[in-house]
*Asks:* 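Here's a structure for you.
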Amino acid sequence: YNMANGRFPDQSKIDLFFSKTPVEHPGYLLPIPQPVFELQAGQKNIPIGFEYTVKDGEDATIWGVSGHMHILGQSWWMKIGRQGSTSNECLLNIPQWNFHWQRMYFLQQPTKINVGDTLKMQCVFDNSADNQPLLPDGTRRVAKNVYWGENTTDEMCLGLIYVTTK
């Protein structure tokens, strides 16, 4: 969590707001993962993609989008492919990934996803020798094959969408 040996204080915070009336359309945070991949040691510009087509009963309104990768991430995006259309609607594009930008980005205008629409996500990774994390002695870690995992030195290709349903 804090690789700087405690030199930087935790700056996490949370704001809670309670409704005085029942919430008509509760919000849900839906993960969209691609947990099966291998990032070969020494490789650059490794695209990992995922698509999910919305099924009956899964119509929703998207209010926010978040991407999640670790330290080998280079870029991340999520788009919607509308049923019957050849174009894609960009929900979020992070062309130069930064590990510290993993937050929810709320849309200026919410957008609906309907049956037959496809959520498309792409993560691009750099597992080359020059992009390896620094070790405590100041040298770079030797590049190795990397897989999905919880540790910061593992990787993830994950999207999160904040939605309300009908």
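Keep in mind it's a predicted model, so treat the numbers as computed, not measured. Note that the numbering runs from 1 along the sequence shown for the chain.
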*Asks:* Can you give me the closest heavy-atom contact between A143 and G42, atom names plus distance?
*Replies:* CB-N, 4.0 Å
*Asks:* When hydrophobic residues are tied together by side-chain contacts of less than 4.5 Å, even through go-betweens, does W77 share a cluster with L92?
*Replies:*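 Different hydrophobic clusters.
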*Asks:* When rounded to the nearest 0.5 angstrom, what distance separates CG in D56 from CG in N114?
*Replies:*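 If we round to the nearest 0.5 Å, D56:CG and N114:CG are 11.5 Å apart.
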*Asks:* Do L107 and Q109 touch side chain to side chain, with heavy atoms closer than 4.5 Å?
*Replies:* no
*Asks:* For W63, look at atom CH2 and say whether over 12 heavy atoms of other residues, nucleotides or ligands are found less than 6.0 Å away.
*Replies:*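 Not buried by this count: 12 neighbours or fewer within 6.0 Å.
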*Asks:* Give, for atom CD1 of I62 and atom CE of M78, the distance between the pair rounded to the nearest 0.5 Å.
*Replies:* 7.5 Å
*Asks:* Within a strict 4.5 Å, meaning less than it, do heavy atoms of the Q96 and N98 side chains meet?
*Replies:* no
*Asks:* Please say yes or no: joined through hydrophobic side-chain contacts below 4.5 Å, possibly via intermediate residues, are V163 and I80 part of one cluster?
*Replies:* yes
*Asks:* Could you give me the CA-CA distance, side-chain angles and deciding distance for S128 and D130, then say whether side-chain hydrogen bond (donor to acceptor under 3.5 Å, both in side chains) is met?
*Replies:* CA-CA 5 Å; S128 66; D130 291 339; 5.3 Å; no
*Asks:* Locate the shortest heavy-atom distance separating A60 from T165; write the atom from each residue and the value.
*Replies:*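 Heavy-atom minimum between the residues: CB-CG2, 4.3 Å.
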*Asks:* Can you name the residues that form a side-chain contact (heavy atoms from CB on, under 4.5 Å) with S85, not counting sequence neighbours?
*Replies:*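 S85 satisfies side-chain contact (heavy atoms from CB on, under 4.5 Å) with R82, S87 once adjacent residues are dropped.
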*Asks:* Among all residues two or more places apart in sequence or in another chain, which pass the ring pair (Phe, Tyr, Trp, His ring centres under 6.0 Å) test with F37?
*Replies:* F125
*Asks:* What heavy-atom pair brings L29 and M104 nearest, and what distance separates the two atoms?
*Replies:*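 Answer, listing the atom of L29 first, then M104: CD1-CE, 3.3 Å.
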*Asks:* Does L134 form a side chain to side chain contact (heavy atoms under 4.5 Å, CB included) with T139? I'd like the steps, not just the answer.
*Replies:* CA-CA 6 Å; L134 293 175; T139 62; over 6 Å; no
*Asks:* Apply side chain to side chain contact (heavy atoms under 4.5 Å, CB included) to the pair L39 and E155, showing each step before the final yes or no.
*Replies:* CA-CA 9 Å; L39 306 178; E155 269 303 339; 3.7 Å; yes
*Asks:* Could you state the interatomic distance from CD1 (I113) to CG (L30), rounded to the nearest 0.5 Å?
*Replies:*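 I113 atom CD1 to L30 atom CG measures 7.5 Å (nearest 0.5 Å).
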*Asks:* Test of understanding: with side-chain hydrogen bond (donor to acceptor under 3.5 Å, both in side chains), list the residues that count as partners of R140, not counting sequence neighbours.
*Replies:*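 side-chain hydrogen bond (donor to acceptor under 3.5 Å, both in side chains) check on R140 returns nothing, list empty.
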*Asks:* Out of T153, I71, N127, which residue meets the side chain to side chain contact (heavy atoms under 4.5 Å, CB included) rule with Q132?
*Replies:*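 Exactly one pass, corresponding to N127.
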*Asks:* Looking at side-chain heavy atoms only, is the closest gap between L119 and L91 below 4.5 Å?
*Replies:*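 Yes, at least one pair of side-chain atoms sits under 4.5 Å.
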*Asks:* Applying side-chain hydrogen bond (donor to acceptor under 3.5 Å, both in side chains), can you list everything that pairs with E38, at least two apart in sequence or on another chain?
*Replies:*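 Residues passing side-chain hydrogen bond (donor to acceptor under 3.5 Å, both in side chains) with E38: Q40, N145, Y147.
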*Asks:* Any pair with a residue in residues 41-61 that passes ring-ring contact (aromatic ring centres under 6.0 Å, His included), sequence neighbours left out, goes on the list, sorted by first then second residue, please.
*Replies:*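 As it turns out, there is no ring-ring contact (aromatic ring centres under 6.0 Å, His included) pair with a partner in residues 41-61 once direct neighbours are skipped.
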*Asks:* Output yes when a side-chain donor or acceptor of D126 lies under 3.5 Å from a complementary backbone atom of L72, and no otherwise.
*Replies:*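 No, the answer is negative, given that no donor and acceptor are paired below the 3.5 Å cut-off.
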*Asks:* With rounding to the nearest 0.5 angstrom, report the CH2 to CH2 distance, W76 to W97.
*Replies:*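 CH2 of W97 is found 7.5 Å from CH2 of W76.
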*Asks:* Ignoring hydrogens, what is the shortest heavy-atom contact between E58 and K55? Give both atom names and the distance.
*Replies:* OE1-N, 2.8 Å
*Asks:* How many angstroms lie between CD in E51 and CD in Q122, if you round to the nearest 0.5 Å?
*Replies:*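 Here the interatomic distance stands at 10.5 Å.
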*Asks:* Just one of H68, M69, M156 clears the side chain to side chain contact (heavy atoms under 4.5 Å, CB included) bar with Q102, so which one?
*Replies:*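 That would be H68; it is the only one of H68, M69, M156 passing the side chain to side chain contact (heavy atoms under 4.5 Å, CB included) with Q102.
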*Asks:* Tell me who clusters with I14, hydrophobic residues only, linked when side chains sit under 4.5 Å apart either directly or through other members.
*Replies:* L16, F18
*Asks:* With hydrophobic residues grouped by side-chain heavy-atom distances under 4.5 Å, do V65 and I94 end up in a single group?
*Replies:* yes
*Asks:* I need the minimum non-hydrogen distance between S75 and P95, along with the two atoms involved.
*Replies:* CB-O, 3.4 Å
*Asks:* How many angstroms lie between atom CG of L158 and atom CE of M121, to the nearest 0.5 angstrom?
*Replies:*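 Those atoms lie 6.5 Å apart.
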*Asks:* For a quick test of reading the model, state the closest non-hydrogen atom pair linking W148 to D154 and the distance between them.
*Replies:*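 That would be C-CB, 4.3 Å.
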